[in-house]
Amino acid sequence: MKLRKIKVSWLWIPFLFLCAWLPVYKILCFIFLIMSMHEGAHVFIAYLFHYPIRKIIIYPFGLCAIIESIGYRSGLKDFCVLIAGPLTHLFEPVLLYLFVGTHIISYTFYEYLCLMNASILVFNMLPIYPLDGGRILELCLQLFFRYETAARLLHVLSIIWLLMLGYFQILHGISAMMVIVLLVMENIMAYYTIRYRKLVFYRYRRSHPVSYPVRMNKGHDLYRFSYNVMYVHGAWMEEEKWLSIFRL
């Protein structure tokens, strides 16, 4: 694995200004710790499976890693990378309790942090793209549908979930509504990049042949978790030959 770039976000400027004027630095520091452990787990498992890490961005609220080729490789490896982050939230209360024992934080503050940690876990596991739960939903859809169909279903289902969250007011407050709006916009924009992402998937698949079970495919798109034998002009064609038709 080669890490190409580590970048510090410009958001640190308003963050440091905020900390200078408002007594919120302790909460923000623990948010940074919780989210960095979450993202660090993604990076660690990706490192074990030799996924390329294009970039790590250091935000005030934690690390953000851009991991390449997720969505193209082994579904089991993808799942392990995706689930590693949420699993850290199950162990973070134990770590946070150590701060109580060393009198760095009070028990009341510990309970508040545990509630916040649980809220982050639940929200992150919602079946909404690009949250981890949404990425796992995409893996499940790809078991049954062709690549492009699965992607379109993912974004449609994500927007339906977000509209339900807003309509039933499951998430409260202006900040929650802003998050919902941003995620809806993210899914709309991602919907219009599906064909480009499909071509990237084809390019990866052409250079990385698979040994999945054979599926006789009369469609015009690949099943991710199958070795596709395509039906073209009245004859069956091997996946590699079919992919060679595209100028990728």
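Computed from a predicted structure; not experimentally measured.
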Item checked: Closest non-hydrogen atom pair, Ser158 against Pro127 -> OG-O, 3.9 Å
Notebook entry, point to check: Got a sec: does the CZ of Phe61 have more than 12 other heavy atoms crowding it under 6.0 Å?
Noted result: yes
Checklist line | Minimal non-hydrogen separation, Phe32 against Gly62, with atom names | finding: CD1-N, 3.3 Å
Check: What about Phe99 and Phe30, are their ring centers closer than 6.0 Å?
Finding: yes
Checklist line | Co-membership, hydrophobic cluster, residues Phe168 and Val179, 4.5 Å side-chain | finding: yes
Next item on the list: Using the side chain to side chain contact (heavy atoms under 4.5 Å, CB included) rule, take Val43 and Leu63 through it: C-alpha gap first, then chi angles, then the decisive distance, then the call.
Entry: CA-CA 10 Å; Val43 172; Leu63 304 179; over 6 Å; no
Note to self: I want to check something: taking the side chain as every heavy atom from C-beta on, are Arg205 and Asn228 in contact at a cut-off of under 4.5 Å?
What the structure shows: yes
Check: When rounded to the nearest 0.5 angstrom, what is the spacing between CD1 in Ile180 and CD1 in Ile159?
Finding: 13.0 Å
Margin query: Is there a side-chain contact between His42 and Ile67 in this structure, where contact means two heavy atoms from C-beta onward sitting under 4.5 Å apart?
Written below: yes
Margin query: Count I, L, V, M, F, W, Y as connected when their side-chain heavy atoms are under 4.5 Å apart, and connections chain through other members. Are Leu153 and Tyr192 then in the same cluster?
Written below: no
Next item on the list: Please examine the side chains of Glu239 and Val229, heavy atoms only from C-beta on, and report whether any two atoms are closer than 4.5 Å.
Entry: no
Next item on the list: Output, in order, the C-alpha distance, side-chain angles, deciding distance and verdict of side chain to side chain contact (heavy atoms under 4.5 Å, CB included) for Arg152 and Ile194.
Entry: CA-CA 7 Å; Arg152 293 186 186 279; Ile194 288 175; 3.5 Å; yes
Margin query: I need the minimum non-hydrogen distance between Ser74 and Tyr51, along with the two atoms involved.
Written below: O-OH, 4.1 Å
Next item on the list: Write down the atom of Pro52, the atom of Arg73, and the distance for their closest heavy-atom approach.
Entry: CD-NH2, 3.6 Å
Note to self: For Pro213 versus Phe225, what's the shortest heavy-atom pair and its separation?
What the structure shows: CD-O, 4.3 Å
Check: Would you say Leu154 and Arg135 make side-chain contact, with heavy atoms under 4.5 Å?
Finding: no
Check: Can you find a pair of side-chain heavy atoms, one from Val81 and one from Tyr47, that are under 4.5 Å apart?
Finding: no
Next item on the list: Treat each ILVMFWY residue as a node, draw an edge where side-chain heavy atoms are under 4.5 Å apart, and state whether Trp236 and Val214 are in one component.
Entry: yes
Margin query: Taking CH2 in Trp161 as the centre, count heavy atoms belonging to other residues, nucleotides or ligands within less than 6.0 Å. Is the count above 12?
Written below: no
Check: Any side-chain heavy atom of Ser119 within less than 4.5 Å of one from Met116?
Finding: no
Check: Looking only at heavy atoms, which two atoms of Glu186 and Pro130 are closest? And how far apart?
Finding: CG-CD, 3.9 Å
Margin query: To the nearest 0.5 Å, what is the distance between CD1 on Ile45 and CZ on Phe79?
Written below: 12.0 Å
Notebook entry, point to check: Any chain of hydrophobic side-chain contacts (each under 4.5 Å) joining Val122 to Leu162?
Noted result: no
Check: Between Asn187 (side chain) and Leu183 (backbone), is there a donor-acceptor pair under 3.5 Å?
Finding: yes
Margin query: I'd like to know if the side chain of Ser106 reaches the main chain of Phe109, judged simply by a donor and an acceptor atom lying under 3.5 Å from each other, with no hydrogens or angles considered.
Written below: yes
Check: Backbone N or O of Lys241 within a donor-acceptor pair of the Arg206 side chain at under 3.5 Å?
Finding: no
Next item on the list: Would you please indicate if the ring centroids of Phe201 and Tyr204 are separated by under 6.0 Å?
Entry: no
Check: Under 4.5 Å between side-chain heavy atoms, hopping through other hydrophobics if needed: is there a path connecting Ile83 to Met37?
Finding: no
Note to self: Within the supplied structure, the quantity of interest is the number of heavy atoms (other residues, nucleotides, ligands) at a distance under 6.0 Å from Met185 CE; does it exceed 12?
What the structure shows: no
Next item on the list: Show your reasoning for whether side chain to side chain contact (heavy atoms under 4.5 Å, CB included) applies to Ile27 and Tyr112.
Entry: CA-CA 10 Å; Ile27 294 175; Tyr112 170 78; 4.3 Å; yes
Next item on the list: Quick one: pull up CG in Leu76 and SG in Cys80 and give me the separation to the nearest 0.5 Å.
Entry: 4.5 Å
Check: So how far is it from Asn117 CG to Ile31 CD1, rounded to the nearest 0.5 Å?
Finding: 11.0 Å
Next item on the list: Evaluate the criterion side chain to side chain contact (heavy atoms under 4.5 Å, CB included) for residue pair Arg146 and Leu222; output intermediate values, then yes/no.
Entry: CA-CA 5 Å; Arg146 296 179 179 91; Leu222 298 181; over 6 Å; no
Check: In Å, rounded to the nearest 0.5 Å, how long is the span from CD1 of Ile245 to CE of Met230?
Finding: 9.0 Å
Check: Going by distance alone, is a donor N or O of one side chain under 3.5 Å from an acceptor N or O of the other, for Tyr223 and Gln142?
Finding: no
Check: Are Ile53 and Glu68 side-chain neighbours, meaning at least one heavy-atom pair lies under 4.5 Å?
Finding: no
Next item on the list: Look at Arg195 together with Glu148 and state whether they make a salt bridge at an N to O cut-off of under 4.0 Å.
Entry: yes
Check: Under 3.5 Å, is there a donor-acceptor pair between the Tyr227 and Asn217 side chains?
Finding: no
Margin query: Are there over 12 heavy-atom neighbours, none belonging to Met216, within less than 6.0 Å of that residue's CE?
Written below: yes
Check: Hey, does Ile57 have a side-chain heavy atom less than 4.5 Å from the side chain of Ile6?
Finding: no
Check: Between Asp78 and Arg224, does a salt bridge (charged side-chain N to carboxylate O under 4.0 Å, His left out) hold up when you go through it step by step?
Finding: CA-CA 13 Å; Asp78 274 12; Arg224 180 183 168 188; 2.7 Å; yes
Next item on the list: Output, in order, the C-alpha distance, side-chain angles, deciding distance and verdict of side chain to side chain donor-acceptor pair (under 3.5 Å) for His89 and Asn124.
Entry: CA-CA 10 Å; His89 295 280; Asn124 185 250; 5.7 Å; no
Notebook entry, point to check: Quick one: CG on Leu126 to CG on Leu131, what's the gap to the nearest 0.5 Å?
Noted result: 6.5 Å
Next item on the list: Report yes if the distance between the aromatic ring centroids of Trp242 and Tyr231 is under 6.0 Å, otherwise no.
Entry: no
